[in-house]
Trainee: 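This structure is in structure tokens; I'll ask about it shortly.
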Amino acid sequence: MDRFPFPADLIHAQQQWHDTYRALAAPRPRHATELRRRLLALSARIQWHPFWATPAGRTPAARVELRQRTAADRTEVAA
């Protein structure tokens with residue numbers, strides 16, 4: 001059961017962040033400048049999402065769960 005009711009757009013942005021980070025972490029990534037810019041834009045979108053102003057989003061545990069849930073989704077897809 002999920003403890004926090006994350007909005008779909010926030011989950012999607014965090015998943016894109018993970019994908020972009022992995023692409024940038026690859027040896028000799030192509031289009032590194034664009035990847036860094038995208039990572040920065042996604043970071044800002046996630047950081048300032050309105051969900052964090054709600055009672056459920058005010059706890060640090062919510063941010064941790066979002067990262068863990070979206071990272072787990074991506075490793076299951078890759079496996």
Trainee: Contact between F4 and T59 at the side-chain level, heavy atoms closer than 4.5 Å - yes or no?
Mentor: yes

Trainee: How close do H49 and P7 get, counting heavy atoms only, and between which atoms?
Mentor: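 Closest approach of H49 to P7: CE1-CG, 3.6 Å.
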
Trainee: Take Q16 and R45 through the side-chain contact (heavy atoms from CB on, under 4.5 Å) test and state the conclusion after the steps.
Mentor: CA-CA 11 Å; Q16 288 179 326; R45 185 184 315 165; 3.7 Å; yes

Trainee: At their closest point, which heavy atom of P29 faces which heavy atom of L24, and how far apart are they?
Mentor: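 So the minimum-distance heavy-atom pair works out to CG-O, 3.5 Å.
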
Trainee: Taking side chain as C-beta onward, heavy atoms only, is H18 less than 4.5 Å from R22?
Mentor: yes

Trainee: Determine the minimum heavy-atom distance between T20 and L39, stating which atoms define it.
Mentor: CG2-N, 4.0 Å

Trainee: Measure the spacing between CZ of R37 and CG of L42 and express it to the nearest 0.5 Å.
Mentor: 14.5 Å

Trainee: Show the nearest heavy-atom pair for residues A56 and P5, with the distance to one decimal.
Mentor: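 So the minimum-distance heavy-atom pair works out to CB-CD, 4.1 Å.
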
Trainee: Drop me the distance from Q15's CD to L10's CG, to the nearest 0.5 angstrom.
Mentor: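 The distance works out to 10.0 Å.
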
Trainee: Using every non-hydrogen atom in the two residues, find where I11 and T70 come nearest and quote the distance to one decimal.
Mentor: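 In this case the closest contact between I11 and T70 is O-CG2, 3.8 Å.
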
Trainee: For the residue pair L35 and R30, what are the closest heavy atoms and their distance?
Mentor: CD1-O, 3.6 Å

Trainee: Does F6 reach the side chain of R69, with side-chain heavy atoms less than 4.5 Å apart?
Mentor: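 With C-beta onward as the side chain, the pair touches.
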
Trainee: Roughly how far, to the nearest 0.5 Å, is CD1 of I46 from CZ of F51?
Mentor: 13.0 Å

Trainee: For side-chain contact (heavy atoms from CB on, under 4.5 Å), just list the numbers for Q47 and R63, CA-CA rounded to whole Å, side-chain angles, deciding distance to a tenth of an Å, and then say yes or no.
Mentor: CA-CA 9 Å; Q47 174 67 29; R63 292 183 186 269; 3.6 Å; yes

Trainee: Does R58 count as lying over the ring of W52, i.e. NZ or CZ under 6.0 Å from the six-ring centre, within 45 degrees of the axis?
Mentor: no

Trainee: To the nearest 0.5 Å, how far apart are CZ in R38 and CG in D19?
Mentor: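 Answer rounded to 0.5 Å: 8.5 Å.
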
